There are 2 protein chains.
Amino acid sequence: MTEPRWLDAVQQRSWRAYVDGSLRLTELMDRDLKSKHGLSISEYEILVRLSEAPERRLRMAELAANASQSRSRLSHTCSRLESKALVERGSCPNDKRGVYAHLTDEGFAVLERAARDHVETVRSYFVDVIDPQDLDAIGRAFSAVIKSLDSA
Amino acid sequence: MTEPRWLDAVQQRSWRAYVDGSLRLTELMDRDLKSKHGLSISEYEILVRLSEAPERRLRMAELAANASQSRSRLSHTCSRLESKALVERGSCPNDKRGVYAHLTDEGFAVLERAARDHVETVRSYFVDVIDPQDLDAIGRAFSAVIKSLDSA
DNA sequence: ACAACCTAGTTGATACTTCAACTATTTCCC
DNA sequence: GGGAAATAGTTGAAGTATCAACTAGGTTGT
């Protein structure tokens, strides 16, 4: 068994800051969205993707890929969103297996309000506290991470 | 109601890369640790903190703060770890309310094996795909995020 | 010394995620 | 055109997280 390539002190410091910071940031945003708008982060993400799609609707599989969620999880989450009347499911003309998720007007309204608060939180605890050059570096770095995950 | 300060295109690109990348990275690591070593990420984190503490033990509250988890969550997770014999709970001499969580020898052995794999994953999908200067930037940036969360 | 308050930790109910199994439809390919 | 294999989506069970309520022990002030 070969000795693992442990991280050096500098790498470890960055890695740990990231792990801890992102964990706490996510929790804050989740609590925030939940208390003010009754949405979890993953519900919010789904509404965002739908709102940006043509006709505010997407096939389930596409939506799942878009939001980096499993199909099962999306299915459950959509059921909850549907019971809150924020999303409607409809069938797909060309593919009888297919299902469209469609953002309702109420869903759009809820999202609009939530987004206004959310962006303020994103600024307060992320964008505005990070040096713009470091923010660029984060963009580059995580794009590379995504690329490596895609080709995994 | 004032117009929110929306993110510009560059900021948004970084923010989204981070959100998506970190979500997917966490999921990969969770699945990886679970399949190879039967540990979830948060179980792993707890074992790490314990392994680094003097005498491999910590008070529950300290451990919770250390791992950025709620006390409730830690309590549940510890129960699971205890039932796997990786952690033991013991009472605290000075404070009768207090409970020590203590890493067992078996817990240490499991952690050692898991860490060897884990560091390899951290390298493959994070450290080694990121430019060292960008990695530094991540360290700076998330330290600032943590600071802003602390003073919130 | 005792009443009010604070801190440590656990518990149980509820909500959410994950995983494997399942149905229904479509695609491949001989 | 028909059977095997792949794809779309859902479901239920089991595992994990969150929240509020709770027990018990400590701290403070009079």
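Quick caveat, the model's predicted, so the values are computed rather than measured. The figures that follow rest on heavy atoms only: side chains count, while hydrogens, waters and symmetry mates do not.
Among D:dA17, C:dC19, C:dT10, the nucleotide with an atom closest to any side-chain atom of B:Arg89 is C:dT10. When each of D:dA8, D:dG26, C:dT18 is scored by its nearest atom to the side-chain atoms of A:Arg59, the top-ranked nucleotide is D:dA8. For A:Ser75, the listed nucleotide lying nearest its side chain is D:dT10; candidates were D:dT10, D:dG26, C:dA24. Nearest to the side-chain atoms of A:Arg73 among the listed nucleotides C:dT18, C:dA8, D:dT10 stands C:dT18. Between D:dA17, C:dT18, D:dG9, one nucleotide has an atom nearer to the side chain of B:Ser42 than all others, and that is D:dA17. Checking D:dG25, D:dT10, D:dA17 against every side-chain atom of B:Thr77, the shortest atom distance belongs to D:dA17. Among the nucleotides D:dA17, D:dC19, D:dG25, the one closest to the side chain of A:Arg31 is D:dC19.
Taking atom CG on A:Leu74 and atom C1' on C:dT18, their separation rounds to 14 Å, with Å as the unit. Summarising the geometry, the separation between CD on B:Glu82 and P on C:dT11 is reported as 10 Å, rounded to the nearest angstrom. Taking atom CZ on A:Arg97 and atom P on C:dT25, their separation rounds to 10 Å, with Å as the unit. At whole-Å resolution of the value, CZ in B:Arg57 and P in C:dG9 are 13 Å apart. The distance from atom CG of B:Leu39 to atom C1' of D:dG15 is 15 Å, rounded to the nearest whole Å. Residue A:Gln69 contributes atom CD, which lies 17 Å from atom P of D:dA8 at whole-angstrom precision. Rounded to whole Å, the distance from CG on A:Leu58 to P on D:dG9 is 11 Å. Remark: C1' of C:dA24 and CG of A:Asp95 are 10 Å apart, rounded to the nearest angstrom.
Side-chain polar atoms of B:Ser68 and A:Asp20 form a donor-acceptor pair below 3.5 angstrom. In summary, the side chains of B:Arg140 and A:Ser14 do not present any donor paired with an acceptor at a separation below 3.5 Å, with no hydrogens or angles considered.
Looking at heavy-atom distances under 4.0 Å, B:Ser40 makes no contact with the nucleic acid at all. Within the nucleic acid shown, A:Ser79 has no heavy atom closer than 4.0 Å to any nucleic acid atom. At a threshold of 4.0 angstrom between heavy atoms, the contacts of B:Ser70 with the nucleic acid are absent.
Under the 4.5 Å side-chain heavy-atom criterion for grouping Ile, Leu, Val, Met, Phe, Trp and Tyr, A:Leu50 is not connected to B:Leu23 through any hydrophobic cluster. There is a path of hydrophobic side-chain contacts, each under 4.5 Å, that joins B:Phe142 to A:Val19.
Heavy-atom contacts from other residues, nucleotides or ligands closer than 6.0 Å to CG of B:Asp105 number 12 or fewer.
Projected onto DNA chain D by closest heavy-atom contact, A:Ser72 and B:Arg80 fall at different nucleotides, the more 5' of which corresponds to A:Ser72. Residue order along DNA chain C, read from the 5' end via each residue's closest nucleotide, puts B:Tyr100 first among B:Asp30 and B:Tyr100. Of the two residues contacting DNA chain C, namely B:His76 and B:Arg71, the nearest-nucleotide position lying further toward the 5' end is that of B:Arg71.
Salt-bridge check for A:Arg113 with A:Asp117: failed, with every basic side-chain N at 4.0 Å or more from each acidic carboxylate O.
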